[in-house]
Enquirer: 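Got a structure for you, questions after.
All values reported here derive from a predicted model rather than from experimental measurement. Because only heavy atoms are used, hydrogens play no part in the values below, and waters and symmetry mates are left out as well, while side chains stay in.
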Amino acid sequence: MSIFNRRIEEEGGKSEMSFIDHLEALRMHIIRSVLAILIMAIVIFYFRNWIFDNIITGPLNEHFITYRAMCHLGHLLHLGNSLCVPPVKINMQSNTFGGQFLSSITLAFVGGIIAAFPYIFWEFWRFIKPALKKKETQNTRFIIFWVSFFFFAGAAFGFFMLGPFTFNFLGGFQLGTQHLVDTRPTLADYFDNLTNIILGCGIAFELPVLAVLLTRIGLITPSFLKRSRKYAIVIILIVAAFITPSPDWYSQMIVFTPLMCLYELSIIVSKRAYKQYTANDDKPGEDEQEKEWS
């Protein structure tokens, strides 16, 4: 059933929604989502100073939890200070009169999107769910929870793990041996890198959810994911290169490792979803369906 061929219950029967009706429904979902973003953005803007001091600049703070945890882990493993990564001291600058104000707007807007993400996806799910078949919507009761969980897990991974190592490498990288160049990034540049890391990891961590959805609508199968593993490794490496602003290999491996684990998890959940999809159906098995597609 197409998303533009949904049916709505009316008093005595059913009638198809027109194209204009779909646009009107989509408009209301978008308006409510934008309002949720604006509400969260206003709250974040009100507490902007505390958020900036304690959260945004966290990866640049020597007392950041990641640095303390890595150092503590090194001591527990009797490795001394080998895992202690002291943050590079960076003094940011704003080279325009309105730079700090515009950066606070960016902080509020991006933070509003992240904070309102569960509600935004809920509105999106309400719009597309009537277009799906009953079998495709089975066992999707907690889909909003799982989508939000993986998004926030990815965002947290980017903020607590990838961000500190990325800024530490980029801030401490020195060109030449005479130390003639000082790294003084602008506030906007720091925001752009941090936003790309957090949102990039958040979206990339949705891989298992995407695998389940594509399996339920019949576009992929577990055996297809297994056969495509070698191509997935290359794609994940490319994605990791895009997410990480730094060119060093260990920052990319920090992203590659969990994404590869998520790909293996996607195979497991895809297999389970495929069994549920074909449980009470007379469709051919996975091997036969693969042959039909090929």
Side-chain angles (χ1 to χ4, degrees), residues 55-90 110 114 146-147 149-175 183 185 189-211 222 224-270:
I55 298 178
I56 301 301
T57 58
L60 305 180
N61 191 328
E62 61 180 351
H63 301 295
F64 190 53
I65 185 173
T66 300
Y67 300 129
R68 291 189 285 112
M70 293 293 294
C71 196
H72 183 64
L73 178 62
H75 292 158
L76 288 178
L77 298 177
H78 303 287
L79 299 177
N81 295 327
S82 59
L83 295 183
C84 296
V85 184
V88 178
K89 185 174 179 57
I90 298 177
V110 176
I114 295 175
W146 287 115
V147 170
F149 170 79
F150 281 108
F151 176 80
F152 287 124
F157 173 82
F159 179 74
F160 289 105
M161 290 298 297
L162 182 58
F165 287 99
T166 297
F167 294 124
N168 190 276
F169 172 81
L170 294 179
F173 185 82
Q174 186 71 48
L175 181 62
T183 300
D189 181 48
Y190 177 75
F191 269 125
D192 289 341
N193 282 281
L194 186 63
T195 300
N196 291 338
I197 290 174
I198 293 177
L199 293 183
C201 289
I203 295 174
F205 269 55
E206 298 289 352
L207 185 59
V209 179
L210 182 62
F224 171 78
L225 293 177
K226 292 178 182 178
R227 293 200 314 269
S228 304
R229 183 181 283 110
K230 56 184 178 181
Y231 305 108
I233 294 176
V234 177
I235 295 175
I236 291 175
L237 284 172
I238 296 175
V239 171
F242 274 101
I243 292 177
T244 55
S246 61
D248 59 290
W249 65 269
Y250 59 85
S251 292
Q252 296 184 16
M253 289 304 298
I254 290 176
V255 178
F256 171 80
T257 302
L259 288 183
M260 196 63 215
C261 293
L262 288 174
Y263 185 84
E264 297 298 330
L265 176 62
S266 299
I267 296 177
I268 297 174
V269 296
S270 175

Enquirer: Report yes if some heavy atom in the side chain of Met253 is under 4.5 Å from a heavy atom in the side chain of Met260; otherwise report no.
Expert: no

Enquirer: Who passes ring pair (Phe, Tyr, Trp, His ring centres under 6.0 Å) against Phe205, sequence neighbours left out?
Expert: Phe157

Enquirer: What pairs with Ser266 under side chain to side chain donor-acceptor pair (under 3.5 Å), at least two apart in sequence or on another chain?
Expert: none

Enquirer: Would a 4.5 Å heavy-atom cut-off, applied to side chains only, mark Pro185 and Ile90 as touching?
Expert: yes

Enquirer: List the atom of Pro208, the atom of Val269, and the distance in Å for their closest heavy-atom pair.
Expert: O-CG2, 3.9 Å

Enquirer: Any side-chain heavy atom of Thr166 within less than 4.5 Å of one from Asn193?
Expert: no

Enquirer: Would you say the side chain of Leu199 lies within less than 4.5 Å of the side chain of Ile114, judging by non-hydrogen atoms?
Expert: yes

Enquirer: Write down the atom of Ile198, the atom of Phe159, and the distance for their closest heavy-atom approach.
Expert: CD1-CD1, 4.1 Å

Enquirer: Report the residues that fulfil side-chain contact (heavy atoms from CB on, under 4.5 Å) with Ile268, sequence neighbours left out, ordered by chain and then residue number.
Expert: none

Enquirer: Mind checking the CD-SG spacing from Glu62 to Cys71? Nearest 0.5 Å is all I need.
Expert: 11.5 Å

Enquirer: Looking at every non-hydrogen atom in both residues, tell me the closest pair between Gly163 and Pro59 and how far apart they are.
Expert: C-CB, 4.4 Å

Enquirer: Enter the distance from Cys201:SG to Phe151:CZ here, rounded to the nearest 0.5 Å.
Expert: 10.5 Å

Enquirer: To the nearest 0.5 Å, what is the distance between CE (Met161) and CD1 (Ile197)?
Expert: 12.5 Å

Enquirer: What pairs with Tyr190 under ring pair (Phe, Tyr, Trp, His ring centres under 6.0 Å), at least two apart in sequence or on another chain?
Expert: Phe167

Enquirer: Find out whether Val239 and Phe256 are in side-chain contact, i.e. whether some heavy atom of one side chain is under 4.5 Å from a heavy atom of the other.
Expert: no

Enquirer: Decide yes or no on side-chain contact (heavy atoms from CB on, under 4.5 Å) for Leu207 and Phe150, but give the supporting numbers first.
Expert: CA-CA 9 Å; Leu207 185 59; Phe150 281 108; over 6 Å; no

Enquirer: Can you name the one residue among Val234, Ile235, Ile233 that meets side-chain contact (heavy atoms from CB on, under 4.5 Å) with Leu237?
Expert: Ile233

Enquirer: Quick one: list whatever passes side-chain contact (heavy atoms from CB on, under 4.5 Å) with Ile65, sequence neighbours left out.
Expert: Arg68, Phe160

Enquirer: To the nearest 0.5 Å, what is the distance between CZ (Arg229) and CZ (Phe224)?
Expert: 12.5 Å

Enquirer: Could you measure the distance from the CG atom of Leu262 to the OG1 atom of Thr257? Nearest 0.5 Å is fine.
Expert: 11.0 Å

Enquirer: Does a side-chain heavy-atom distance below 4.5 Å link Tyr67 with Asn61?
Expert: no

Enquirer: In Å, rounded to the nearest 0.5 Å, how long is the span from NE2 of His72 to CG of Leu77?
Expert: 10.0 Å

Enquirer: By side chain to side chain donor-acceptor pair (under 3.5 Å), which residues pair with Asp192, not counting sequence neighbours?
Expert: none

Enquirer: Minimum heavy-atom separation for Ala211 and Leu225, please, with both atom names.
Expert: CB-CD1, 4.5 Å

